[in-house]
2 protein chains.
Amino acid sequence: MDDVRSRTTLEDVARVAGVSRATASRAVRGGELVSPVALEAVRRAVEQLGYVPNPAARSLVTRQTDTLAVVVPEDDARVFSDPFIAQAIGGVAEALAHTPKQLVLLMRARGQENDRLLPYLRGGHVDGIVVLSHHRDDHLERELAALHLPLAFIGRPLEPQLAVPYVDVDNVAGGRLAAEHLLAAGARRLATISGPLDMPAAVDRITGWSEALAEAGVTEVARYEGDFTLVRGEELGARLLAEHPEVDGVFAANDLTAAGVLHAARAAGRSVPRTLRLVGYDDTQLGLTTHPQLTSITNPGRDLARRATRMVLDQLAGQPAPPPIIITPVLVERASG
Amino acid sequence: MDDVRSRTTLEDVARVAGVSRATASRAVRGGELVSPVALEAVRRAVEQLGYVPNPAARSLVTRQTDTLAVVVPEDDARVFSDPFIAQAIGGVAEALAHTPKQLVLLMRARGQENDRLLPYLRGGHVDGIVVLSHHRDDHLERELAALHLPLAFIGRPLEPQLAVPYVDVDNVAGGRLAAEHLLAAGARRLATISGPLDMPAAVDRITGWSEALAEAGVTEVARYEGDFTLVRGEELGARLLAEHPEVDGVFAANDLTAAGVLHAARAAGRSVPRTLRLVGYDDTQLGLTTHPQLTSITNPGRDLARRATRMVLDQLAGQPAPPPIIITPVLVERASG
DNA sequence: CTGAAAGCGCTTACAG
DNA sequence: CTGAAAGCGCTTACAG
């Protein structure tokens, strides 16, 4: 029977195998301290009965759920439209592929706060947590640190004093790279469409960008705060080109925003990169499908996620909270700037 | 304490509230058959202790997990790049937002089979299942029907005799719409880049397309089997334009494929829609961000998913398996064809 | 290596 | 409306 409702229990297996429940339990879990004969008998009984352990019963005693949560405090529309987020989730899935852990993706329901997320996590449904795309106001560091579960952030947490483990790319360096590249290409009337300033990645990229411009003695033509979406990138791109037609170089906070700017540029009759140089961020697949292809700064979501997941797995194995890992980005030059 | 490790139990709550564990349990679950006084006392104790019920213990007796699975037998790269899949998952999330159920997304790990999925589902981790993007070879209908869990497919199942509940769009009608539209626009040298033919949606679209062409007495110039991805759409689009430059109308099996064809057309110096008319499928956001925007057939993923989820929820509430729901698509005309 | 027994933290008839 | 008791299906010292 595959029927979940009338499940066979360990008791049944033990009876059929002619051993005690304790021995059956040991055998089912791999055979530590079990004689070859008993092991084989149990194996046969499991096979014959189609036995599958009841995870609730097991969790109740082991206090382990074999489940790891990926928390993305964004609504599904964002989660499923941002290639960086997609890469990162894929990276977690990959890191978990050879473990018995299942990935559970937790995001915000449309228009809802995080108030469904936290009770779920507090409820003890998961053994560990990887967080990405966190914002200042969600106070996720504090809320999650208080759970005392193995935890890792992708992207610098906003409250460093909590010493939450994390992996990140050096976004200040990334912002610098964008500025230096546009300056080296001869652009002097520079503008940026940033990410949402309640996110550390957005803030850091702006910081590096501003520092590099200041050092070069160049003043920004304009700066707009975007939200890492294509639609907003297009809106702000259009506004930028209307209000500051003299602009000759744009740093878009991510590839999605850059793709929006590209649309706006086409609509405004601007030629990229001839009269407008454009640099994106994240170096995603998206940048290969635009025309022209996007010059972009690397932000290896898959790799970051793999490392963050390993951090969680290591803590689960009893290791102490690891120090942060910071990856240095590089600029990948393509046609847009 | 928020600490998950040293959790307070119902026992503690009962003691502090001065009632029995049974009464505490009733009070915690909403107060049926509990006096106002006891209810209030328990409420206060819960508050004071920060009590959160242990889901494993609860599941063990109720045999409910308050979890609903969305099964997408594709690897993460596909799941996170196809806007139709994204919409559908969002629709499930939306339908669940006002229930106590959590959504668990189960996909295939890269390069793996479904052999991690099934044991998980069999293990009794979830109360119900919504499936989408199924293929012939995964035999998911049979495997999942054998679980006897509330179930619904988005998209016609491949084995109708199992009578699995499902919602679908009339893809045969959709294929017809594409053909009729291109013919009405005057295109006569028609080709299609289909979806993978192990998927019912792909097969049905081709069926409708072929029927309409046959009725009009028009013979296809070429047909290629794609896989619903942009990259493959671009490859096959390039091949089509090279091998059959006379083609003047293309039906791409989804918007992702159509976007790929658009790239190929640009690379080949073809002007859409002037010398090449193009119709996509799914009517996704993507079609609004291409240039020109895509004419497309509607495939309301969000709505389909909401309905499928409701089917599962209804079965969970004891209702019998519902009959299929079939939605009729329409063609949305934009600039591409 | 094995088994009897206790216990994980809940819910749910049942008797009152 | 309330509480004592049984039981959900496992794991894990413990004694042998």
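Chain naming here is simple, since letters A, B, ... match the order of the sequence lines and numbering starts at 1 in each.
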For the pair B:D303 and B:R307, find out whether any cationic side-chain nitrogen is under 4.0 Å from an anionic carboxylate oxygen.
yes
When rounded to whole Å, the CD to P distance for the pair B:E40 and D:dT2 reads 13 Å
Taken to the nearest whole Å, CD/A:E32 to C1'/D:dA13 is 15 Å
To the nearest angstrom, the CG-P distance between A:L60 and C:dC10 comes to 9 Å
The Watson-Crick or G-U wobble partner of C:dA4, with both key distances under 3.5 Å, is none
To the nearest angstrom, the CD-P distance between A:E11 and C:dG3 comes to 12 Å
Note: for A:A57 and B:V19 on DNA chain D, the residue whose nearest nucleotide lies more 5' is B:V19
Discussion item. So, does A:R29 get its side chain near the phosphate of D:dT11, meaning an N or O under 4.0 Å from OP1 or OP2?
Written reply: yes
Atom CG of B:L33 and atom P of D:dG3 are separated, to the nearest Å, by 13 Å
note: B:R58, atom CZ; C:dT12, atom C1'; distance rounded to Å ~ 13 Å
Picking from C:dG3, C:dT11, D:dC10, the nucleotide nearest the side-chain atoms of A:L10 would be D:dC10
So, is A:T62 near the phosphate of D:dT11, with a side-chain N or O under 4.0 Å from OP1 or OP2?
no
C:dA13 -> Watson-Crick or G-U wobble partner, both distances under 3.5 Å, gives none
By nearest-nucleotide position on DNA chain C, the 5'-leaning member of A:R21 and A:A38 is A:A38
Which of A:L121, A:V126, A:L105 passes side-chain contact (heavy atoms from CB on, under 4.5 Å) with A:V71? It is A:L121
Problem - Whole-angstrom distance between C:dG16 and C:dT12, as gauged at atom C1' - result: 16 Å
_If you compare every side-chain N and O of A:S25 against the phosphate oxygens of D:dT11 (OP1, OP2), does one of them come in below 4.0 Å?_
yes
- Using 30° and 60° as the class limits, which term best fits the ring planes of B:F153 and B:H134: parallel, tilted or perpendicular? perpendicular
*asked:* Can you confirm whether more than 12 heavy atoms, excluding those of A:R78, are under 6.0 Å from its CZ atom?
replied: yes
5'-most contact on DNA chain C (nearest-nucleotide basis), B:R26 vs B:N54, goes to B:N54
Whole-Å distance, A:R63 CZ to D:dT11 C1', equals 12 Å
So, does A:S20 get its side chain near the phosphate of C:dG3, meaning an N or O under 4.0 Å from OP1 or OP2?
yes
Partner of B:L144 under side-chain contact (heavy atoms from CB on, under 4.5 Å), picked from B:V131, B:D138, B:L149, B:L117, is B:V131
